Amino acid sequence: MNALLDSLAGTFCGSKERAELLEAALKTGLPAARNEAWKYTSLRQLERRSFTAAPLQALSIDAALLADIPAPRLVFINGRPSDVLSDLSGVDAGVQVRTLSAVNQQEPEAARFLGRRFNRAEEIFAQLNAALADEGVLVQVEAGINSTTPLHLVFVSAPDESDRAWHHRHFIELRRGASLGLVEHHLQAGDSAHLDNTLVHVHLAQDAVLSHARVQADSPRATSLLRTDAVLARDAQYRRIDLELGAALSRHELNVRLEGDNAKLVANGVLLGTGRRHIDTRLGIEHIARDTSAELVWRGVAANRSRVVFHGGINIREGADGTDANLSNKNLLLSADAEIDTQPTLVIDADEVKAAHGATVGQLDANALFYLRSRGVPSEQARAMLSAAFCHEPLAAVEGILTEKLARHLDQALQQAGMV
């Protein structure tokens with residue numbers, strides 16, 4: 001048993017059933033490079049790490065860190081909910097927001113999603129989550145509710161006496177005809193080297209609309225492992241954007257099943273690699289019903305000695321006629337020591353579909369640089385302008401004031417990285 005799994009097993013405190021799940025996960029072990037899903041992301045350094053369980057009570061942090069995040073907001077610090085910093089006033093009627101720990105105490109039958117099991121070797125962190133998750137968020141929107149106030153979920157990492165690990169399980173459910181704006185903030189309140197292993201279930205019923213933004217700006221030494229599994233019913237719409245701006249190692253597996261006719265997905269993202277950061281994003285989009293659509297725009301930037309990994313998988317099942325699926329993954333390589341690996345895949349088993357995917361890795365456009373230089377723009381400023389414009393393109397996944405806020409997050413990260 002390696003140090004990582006040994007330390008995580010030492011944090012276990014659960015039922016017999018969960019003990020069996022943990023034992024199965026320990027037998028599976030961490031995937032090696034021979035596992036295709038982990039081919040470009042080595043876990044050798046992580047497997048030598050040890051972590052302790054997050055404390056039962058949230059730490060105290062400077063509230064100024066959250067000054068720009070309005071209510072309603074639910075705040076977690078090192079994996080635990082903070083009653084002091086959370087403020088759920090202003091939650092629209094028909095929108096229910098609860099912590100997983102509260103649900104397990106008051107209404108355990110509402111946490112049936114915890115019963116899902118994961119069996120493939122590459123799903124080791126989902127297996128560990130199934131065994132160890134003891135906290136998270138349940139967001140449920142009643143049928144026909146049009147929520148006009150965005151809900152903010154805030155996850156803060158803070159320095160502690162040792163490196164902590166937490167395993168969150170979230171459930172986002174919009175019932176028929178409901179709509180919601182949801183923003184995830186993953187922030188740091190100082191340098192820490194924790195492990196965040198999170199699994200999110202998104203269920204959108206017929207005609208439901210979810211706008212979902214996630215900003216991952218965690219500590220430069222943190223490890224962030226996220227899996228999102230979304231299911232869309234008939235005429236449901238899921239609009240999502242992910243900004244990967246922090247953490248030493250971040251991996252996100254976004255799996256979306258378009259199970260209802262005319263379901264629509266827009267999922268964009270920005271992967272910003274600086275320093276020695278390793279960013280790994282895997283998309284698994286399944287078109288199952290008729291007349292579904294997916295628009296996927298992802299931009300990657302790798303500078304210094306960072307590595308950006310992207311896998312964009314689209315599977316159009318038999319009978320999914322009328323599908324319209326498009327994936328664009330363009331990447332900027334800004335350093336000779338950086339690395340970008342991109343792998344778009346497209347499997348079509350249906351007739352009468354429109355599908356396209358493309359991926360590029362290159363440097364800044366020489367003609368665009370020359371154009372700006374010829375008009376008096378200094379070289380460094382010209383490079384910064386083009387890099388910023390390249391990264392801003394995916395922000396079109398969300399609209400209105402949220403776009404402006406995300407743009408500020410992105411510009412701040414680019415500035416800190418010396419790109420603007």
Side-chain angles (χ1 to χ4, degrees), residues 7-26 51-59 72-89 91 94-119 123-142 151-157 160 164-175 178 180 182 184 186 194-205 210 224-231:
S7 66
L8 294 181
T11 69
F12 177 75
C13 181
S15 65
K16 179 181 178 181
E17 182 182 11
R18 285 200 167 198
E20 293 173 351
L21 292 174
L22 178 60
E23 182 179 359
L26 297 179
F51 297 90
T52 58
L56 294 179
Q57 300 297 325
L59 296 176
R73 70 186 187 200
L74 182 58
V75 180
F76 292 75
I77 303 173
N78 285 3
R80 301 301 180 187
S82 171
D83 294 335
V84 175
L85 296 176
S86 297
D87 182 359
L88 292 177
S89 62
V91 172
V95 179
Q96 190 173 35
V97 184
R98 296 176 289 174
T99 64
L100 178 59
S101 56
V103 169
N104 279 332
Q105 290 179 1
Q106 301 166 7
E107 191 184 350
E109 64 275 10
R112 291 189 299 272
F113 60 92
L114 293 175
R116 183 176 173 187
R117 299 294 175 253
F118 307 90
N119 301 314
E123 298 180 306
I124 177 61
F125 290 102
Q127 294 175 24
L128 289 169
N129 187 286
L132 299 172
D134 63 350
E135 193 54 275
V137 182
L138 275 74
V139 179
Q140 295 171 297
V141 185
E142 296 296 332
L151 172 65
H152 297 264
L153 303 180
V154 187
F155 306 93
V156 183
S157 63
D160 206 343
R164 303 292 189 178
W166 52 87
H167 310 265
H168 282 173
R169 195 79 168 263
H170 306 318
F171 182 63
I172 314 298
E173 180 186 30
L174 275 62
R175 295 172 182 166
L180 177 71
L182 181 68
E184 290 183 52
H186 297 261
H194 68 264
L195 168 65
D196 176 2
N197 176 27
T198 295
L199 181 55
V200 184
H201 303 274
V202 176
H203 289 187
L204 303 184
L210 176 61
S224 173
L225 302 169
L226 170 65
R227 172 170 169 165
T228 303
D229 291 345
V231 178

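Keep in mind the model is a prediction, meaning the values are calculated, not measured.
- His201 and His203 have perpendicular rings, their planes meeting at more than 60° on a 0 to 90° scale where under 30° would count as parallel.
- For the side chain to side chain donor-acceptor pair (under 3.5 Å) test, residues two or more places apart in sequence or in another chain that qualify with Glu184 are His186, His212.
- Counting heavy atoms from C-beta on, the side chains of Leu226 and Val200 come closer than 4.5 Å.
- For Thr198, the side chain to side chain donor-acceptor pair (under 3.5 Å) partners are Asp196, not counting sequence neighbours.
- Contact detail for Leu128 and Ala25: the closest heavy-atom pair is CD2-CB, 3.9 Å.
- Side chains of Val202 and Val231 form no contact here, defined as non-hydrogen atoms less than 4.5 Å apart.
- Note: Leu8 CG to Leu22 CG = 8.5 Å, rounded to the nearest 0.5 Å.
- Under the 4.0 Å criterion applied to side-chain N and carboxylate O atoms, Asp229 and Arg116 are assigned as salt-bridge partners.
- In this structure, CG in Asp87 is found 11.0 Å from OG in Ser82, a value given to the nearest 0.5 Å.
- From Leu151, atom CG reaches atom CG of Leu88 across 7.5 Å, with rounding to the nearest 0.5 Å.
- Gln127 places a side-chain heavy atom less than 4.5 Å from the side chain of Ile124.
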Problem set entry | side-chain contact (heavy atoms from CB on, under 4.5 Å) evaluation trace for Asn78 with Asp160 | CA-CA 9 Å; Asn78 285 3; Asp160 206 343; 3.8 Å; yes
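- Here CZ of Phe171 is found 10.0 Å from CG of Leu114. Values are rounded to the nearest 0.5 Å.
- Checked against side-chain contact (heavy atoms from CB on, under 4.5 Å), Thr11 has the following partners two or more places apart in sequence or in another chain: Ala53, Leu132.
- Pro81 approaches Ala58 most closely through the heavy-atom pair O-CB, 3.5 Å.
- Every residue meeting the side-chain contact (heavy atoms from CB on, under 4.5 Å) condition with Ala102, not counting sequence neighbours, appears here in chain and number order: Thr99, Gln106.
- Taking CZ of Arg73 as the reference point, atom CG of Leu153 lies at 12.0 Å (rounded to 0.5 Å).
- Shortest non-hydrogen contact noted between Ala130 and Leu21 is O-CD1, 3.8 Å.
- The environment of Gln57 atom CD is sparse: at most 12 non-hydrogen atoms of other residues, nucleotides or ligands sit within 6.0 angstrom.
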For this session: Decide side-chain contact (heavy atoms from CB on, under 4.5 Å) for Ile77 and Leu85; before the verdict, give the C-alpha distance in whole Å, the side-chain angles of both, and the deciding distance to 0.1 Å.
Result: CA-CA 10 Å; Ile77 303 173; Leu85 296 176; 3.8 Å; yes
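- In this structure, the side chain of Asn129 engages the main chain of His168 through a donor-acceptor pair within 3.5 Å.
- Listed here is the closest heavy atom pair of Ser157 and Trp166: CB-CH2, 4.4 Å.
- Atom-to-atom distance recorded for Leu174:CG and Glu142:CD is 10.5 Å, nearest 0.5 angstrom.
- Using a 4.0 Å cut-off between charged nitrogen and carboxylate oxygen, Arg18 and Glu20 do not count as a salt-bridge pair.
- Residues Phe113 and His170 are not in side-chain contact: their nearest non-hydrogen atoms beyond the backbone lie 4.5 Å or more apart.
- One N or O on the side chain of Glu135 and one on the backbone of Leu100 form a donor-acceptor pair closer than 3.5 Å.
- Contact record, Ala133 with Arg169: CB-CB, 4.0 Å, taken as the closest heavy-atom pair.
- Under the 3.5 Å distance criterion, the side-chain polar atoms of Ser86 are matched with a main-chain donor or acceptor of Val75.
- Shown here for Asn197 and Phe125, the closest heavy-atom pair between the two residues is ND2-O, 3.0 Å.
- The shortest distance between side-chain heavy atoms of Ile172 and Leu204 does not fall below 4.5 Å.
- For Glu17, the side chain to side chain donor-acceptor pair (under 3.5 Å) criterion is met by Arg117, not counting sequence neighbours.
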Exercise. Should His167 and Phe12 be marked as a ring pair (Phe, Tyr, Trp, His ring centres under 6.0 Å) after you check the CA-CA gap, both sets of side-chain angles, and the distance that decides it?
Worked result: CA-CA 11 Å; His167 310 265; Phe12 177 75; over 10 Å; no
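- Between Leu138 and Val97, the closest side-chain pair of non-hydrogen atoms is not below 4.5 Å.
- At least one side-chain heavy atom of Leu56 sits under 4.5 Å from a side-chain heavy atom of Arg80.
- Sorted by first then second residue, the salt bridge (charged side-chain N to carboxylate O under 4.0 Å, His left out) pairs that include residues 96-108, not counting sequence neighbours, are Arg98-Glu107.
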